Amino acid sequence: MNHMRTRIERVENVQSGNDIIREAGDILRNGGLVAFPTETVYGLGADALNAGAAQKIYAAKGRPSDNPLIVHITELEDLKKITADIPREAFAIADKYWPGPLTMIFEKTDAVPYGTTGGLDTVAVRMPSDEIARAVIKAGGGYIAAPSANTSGRPSPTTAGHVEEDLSGKIEMIIDGGPVDIGVESTILDMTVTPPMILRPGAVTKEMLEELIGRVDEDQAAFEPGSKARPKAPGMKYRHYAPQAELSIVEGDMDQVVDAINKMALEKTAEGFKVGIIGTRETVGRYTCGDVKSIGTREDEATIAVHLYGILREFDQDRADYIYSESFATDGMGSAIMNRLLKAAGHHVIKV
Ligand code: AMP
Ligand code: MG
């Protein structure tokens, strides 16, 4: 399995990439693995209705077997085969946010093997909007399990190069469709409970969902730093998205945050360590030592989300020992950004 030749194929669009996408579909239908871009992060695809194929995903990623996979579809009518008991609100949500960065959980049918759902009687389903993703899913039979295409525990991949770093030699094909649009994984909404509950924050926010269907809860175990409760999405309990360096988030008044980071960076540098700093366009000019990277601008949180995982990987490549990051607001898209950043930091927050 480790010595497979991995084909890396550049696909500009579904028209010019038609032949490659057809070959990717053949690999998937034969039970193989293909990584492909989606609007959130790159996914590692396998036939979701073939337990043996899904099993290969766990092996390639080193993923714990109790961590269920999200099934990706392209048409609303394809839901019928894999889910039972679809509540009325789900159709309203699908109407507005599918295709898009939102996953919904339903009761599963017998068509979905337990090997795909980590032994659960429920199944998570998403309909992505990315055109290449949609074409690959269709070519592969219409039901494609596709977790993030990284080694378990590493930051999710936002470019084909990231996928290659982690999975080269372990999967049949990587489709390179360029950098992704959003950069953090989908919102996960559990539709099997009333009111529906967000198990993982993403680009479709609580505010957006509540405007549509009224009250929506959040899984507190996934949102409260240091919570002892067991998260309802099995994958949320694992240390995730983590860089090799020790990452600290520094929180407080912006001037004091910059001063505190400068002081810590100077100390660690004097001790001979490599220090990385995650700043923003508004602040990068104010850091006085260390390897300073701008993650985006506070004026547009989407720019921060899309660079988050790539920056964590860059610091790994630079072999940083310590990373200090500014903190971000927790409303809207900020909820997803801080959820991932806190997990990457093992919830290590310095308040100044
Ligand atoms: P990934 O696709 O790598 O972003 O991870 C999928 C996430 O969805 C993990 O956190 C899983 O635990 C979660 N998930 C998938 N299926 C279910 C399910 N049936 N119930 C609860 N969480 C799920
Ligand atoms: Mg993942």
Side-chain angles (χ1 to χ4, degrees), residues 33 35-46 48 54 57-58 60-73 79 82-86 90 101-109 111-128 130 133 137 143-158 162-163 166-167 180 182-193 196-204 217-219 221-223 229-242 305 308-309 312-313 336 339-340 343-344:
L33 303 181
F36 57 88
T38 82
E39 68 275 24
T40 56
V41 300
Y42 270 72
L44 176 58
I57 287 181
Y58 290 91
K61 281 177 59 78
R63 183 176 175 105
S65 61
D66 70 343
N67 189 357
L69 306 174
I70 295 172
V71 180
H72 292 69
I73 60 174
L79 256 189
I82 55 172
T83 66
D85 269 344
I86 306 173
L102 173 77
T103 296
M104 286 191 275
I105 295 176
F106 304 104
E107 302 297 331
K108 81 171 191 72
T109 64
V112 187
Y114 283 110
T116 295
T117 65
L120 299 176
D121 289 312
T122 54
V123 61
V125 189
R126 183 163 96 86
M127 187 191 293
D130 182 278
I137 294 162
Y143 297 92
I144 300 299
S148 49
N150 53 307
T151 299
S152 254
R154 292 212 70 205
S156 293
T158 53
H162 297 161
V163 181
D166 285 11
L167 299 179
V180 302
I182 296 175
V184 294
E185 303 86 345
S186 61
T187 306
I188 300 181
L189 184 65
D190 185 354
M191 298 304 298
T192 68
V193 294
M197 184 183 274
I198 296 177
L199 307 189
R200 176 174 75 184
V204 175
D217 285 344
E218 289 174 326
D219 179 12
F223 285 82
R230 189 176 236 275
K232 294 188 172 57
M236 299 291 280
K237 71 175 180 280
Y238 296 106
R239 182 151 188 244
H240 238 107
Y241 322 119
L308 175 60
Y309 289 136
L312 295 179
R313 278 182 183 258
N339 171 269
R340 307 313 193 273
K343 290 188 75 157

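We count ligands from 1, going down the list as the structure has it; atoms in each ligand are counted the same way. Everything numeric here is computed off the predicted structure, so don't read it as measured data.
Of all the heavy atoms of Ile188, the ones lying under 4.0 Å from any atom of ligand 1 belong exclusively to the side chain. For Thr103, no heavy-atom contact with ligand 1 is shorter than 4.0 Å.
Counting only N and O atoms by type, the side chains of Arg200 and Thr103 include no donor and acceptor under 3.5 Å apart. No donor-acceptor contact under 3.5 angstrom links the side chains of Arg340 and Ser156, judged on distance only.
The N/O atoms of Lys61, backbone and side chain alike, include none that comes under 3.5 Å of an N/O atom in ligand 1. On a distance-only criterion, Arg63 and ligand 1 share at least one N/O pair closer than 3.5 Å.
Residue-ligand proximity, Arg200 to ligand 1, at heavy-atom distances under 4.0 Å covers atoms 1 (P), 4 (O), 5 (O), 7 (C). Taking a cut-off of under 4.0 Å to the non-hydrogen atoms of Thr122, the atoms of ligand 1 that pass are 18 (C), 19 (N), 20 (N). Each of the atoms 9 (C), 11 (C), 12 (O) of ligand 1 lies under 4.0 Å from some heavy atom of Asn67. Atoms of ligand 1 lying under 4.0 Å from any heavy atom of Lys232, numbered from 1 in the order shown and given with element: 21 (C). The ligand atoms of ligand 1 that sit less than 4.0 angstrom from a heavy atom of Leu120 are 18 (C), 19 (N), 20 (N).
With hydrogens and angles ignored, the 3.5 Å screen pairs a side-chain donor or acceptor of Thr116 with a backbone N or O of Ala48.
Using a 4.5 Å cut-off on side-chain heavy atoms (C-beta onward), Met127 and Val125 make no contact. Residues Thr122 and Glu107 have side chains in contact (heavy-atom distance under 4.5 Å, counting atoms from C-beta outward).
Residue contact annotation: Ser152 places no N/O/S atom under 2.8 Å from the Mg ion (ligand 2).
Ion pair Asp166/Arg154 flagged as a salt bridge, since at least one NZ, NE, NH1 or NH2 atom sits closer than 4.0 Å to an Asp/Glu carboxylate oxygen.
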